[in-house]
Amino acid sequence: MPDFRDSVEPMIPALRRYARALTHDREAADDLVQDTLVRALRAEKLFLGGDLRAWLYTILTNVNRNRRRSLARRPVLAEYHDDAPEPSGTEAEGRDIARALATLPNDQRSALLLVALEGLSYRDVAEIQGVPIGTVMSRLARARAQIRSVLDGERPALRRVK
Amino acid sequence: MIHDTPVTEDELHAYVDGELPPERRDAVEAWLAAHPDDAERVRLWRTMSDMLHAKYDHVADEPVPARLALDRLTQRPRQWALTATAAMLAAFLIGGGSGYVLRGMTAQTTATASFTGDALEAHRLYVVDVRHPVEVAASERAHLQQWLTNRCGWQVRAPELDAQGLKLIGGRLLPGPNGPASFFMYENASGERFTIYASRATSTSSNMRYAAQDKDAAMYWADNGIGYVVSGPADKEKLTQIARFVFDQTDQAGRKL
């Protein structure tokens with residue numbers, strides 16, 4: 001079915017962007033996209049219609065959740081950058097937003113990125129995350145409040161448990 | 001207060017994200033003009049979106065790496081991609097089985113898949129354990145049931161499956177997707193183990209769905225707001241039969257409450 005592939009192909013760049021922002025790691029991000037595409041292609045015959053874009057984001061979000069779950073069972077060896085020279089201007093802002101994103105719980109980060117970066121509707125994000133729209137909105141609100149506090153240089157707010 | 005209906009924080013987000021109903025637009029803009037703190041928050045939220053685009057849009061402009069070329073992925077899928085974890089394979093099978101045909105089904109399908117994945121993962125983790133497969137043994141059945149009932153918040157009963165040749169080994173409490181989960185393990189004469197996992201489900205009730213991975217398989221359904229997963233060796237007929245017996249007993253238990 002070449003039609004299916006022709007529809008998937010143009011979405012790869014945006015999937016890579018979302019994955020990069022989610023993981024902030026080039027290799028891990030492309031692994032996620034690769035895993036997503038393999039699953040989508042295997043499901044090709046089963047996909048009979050609907051919103052392909054939202055479906056691909058759903059697979060990627062789930063693959064990531066699963067990856068994090070298996071990572072959670074291992075000690076995390078994060079790269080340590082402390083001696084990097086102090087960047088300026090937009091570079092500093094970019095680093096700040098990445099740092100602020102990293103402080104968010106996964107579901108909040110995912111909700112914020114899907115809405116603010118990928119431009120998906122609240123309804124699509126609700127389907128992707130498997131939650132009601134109200135939950136998407138509260139994740140979004142908490143994510144924005146938390147990012148603001150990090151950008152303002154405040155002590156990050158304590159994570160609230162759902 | 002100038003306006004009849006005050007503007008909520010949700011509306012401010014919806015305004016920034018282009019999700020606000022057009023008829024509320026004037027009200028929100030008037031509110032922002034009168035409330036500088038909220039106007040500042042809205043400005044900051046927009047700045048955040050700009051920062052995200054400034055930081056990540058270049059990724060979408062990069063040439064797609066060769067390893068993500070679709071032709072290549074279909075020709076020779078990498079081994080790691082094939083060894084899917086239980087959750088994702090279940091997601092795949094169940095998602096596929098129910099078709100993703102209807103829009104609006106997606107969220108429920110995904111939740112079901114991850115629920116089943118959790119159960120299958122627990123099954124695979126504990127059935128191989130020879131010495132400590134359960135936390136509380138079947139010899140303390142009454143205590144086990146009472147404990148799980150107290151912790152889970154619904155009537156938990158270990159189904160009687162003696163007629164199917166299955167003997168209860170015991171059970172344990174597990175973390176589930178929406179709260180605690182009860183988990184029972186059974187064994188037949190030939191040493192095959194089956195598990196029954198139950199936790200609060202997002203859907204009130206559903207039909208049975210089957211997912212298989214390697215040598216294991218799972219049957220999922222929801223009833224009275226509880227999701228059940230019966231896992232065991234991949235034998236659809238046998239698993240279906242056991243699932244029906246479990247359904248009959250748990251269904252009655254649910255009604256007794």
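Because the structure is a prediction, the values reported are computed rather than measured. The sequence lines fix the lettering, A, B, ..., with proteins before strands; numbering per chain opens at 1.
Between the side chain of A/Gln129 and the backbone N or O of A/Asp107, at least one donor-acceptor pair lies under 3.5 Å. Under the 3.5 Å distance criterion, the side-chain polar atoms of B/Glu11 are matched with a main-chain donor or acceptor of B/Thr8.
Heavy-atom distances place no part of B/Arg46 under 4.5 Å from chain A, backbone and side chain included. For chain B, the nearby part of A/Leu113 is the side chain; its heavy atoms alone come within less than 4.5 Å. Using a 4.5 Å cut-off between heavy atoms, B/Leu44 contacts chain A through its side chain alone, with no backbone atom that close. When heavy atoms are compared at a cutoff of 4.5 Å, A/Val115 approaches chain B solely by way of its side chain, counted from C-beta outward.
A 4.5 Å side-chain heavy-atom check between A/Thr61 and A/Tyr18 finds at least one atom pair inside the cut-off.
Applying the ring pair (Phe, Tyr, Trp, His ring centres under 6.0 Å) rule to B/Phe184 yields no partners; only residues at least two apart in sequence or on another chain are considered.
Note on ring orientation: taking the six-membered ring where Trp is involved, the planes of B/Tyr197 and B/Phe115 are perpendicular (angle over 60°, cut-offs 30° and 60°).
Top candidate by heavy-atom pairs under 4.5 Å with chain A, chosen from B/Asp57, B/Asp50, B/Leu12, is B/Asp57. Counting heavy-atom pairs under 4.5 Å between each of A/Met137, A/Arg16, A/Arg26 and chain B puts A/Arg16 at the top.
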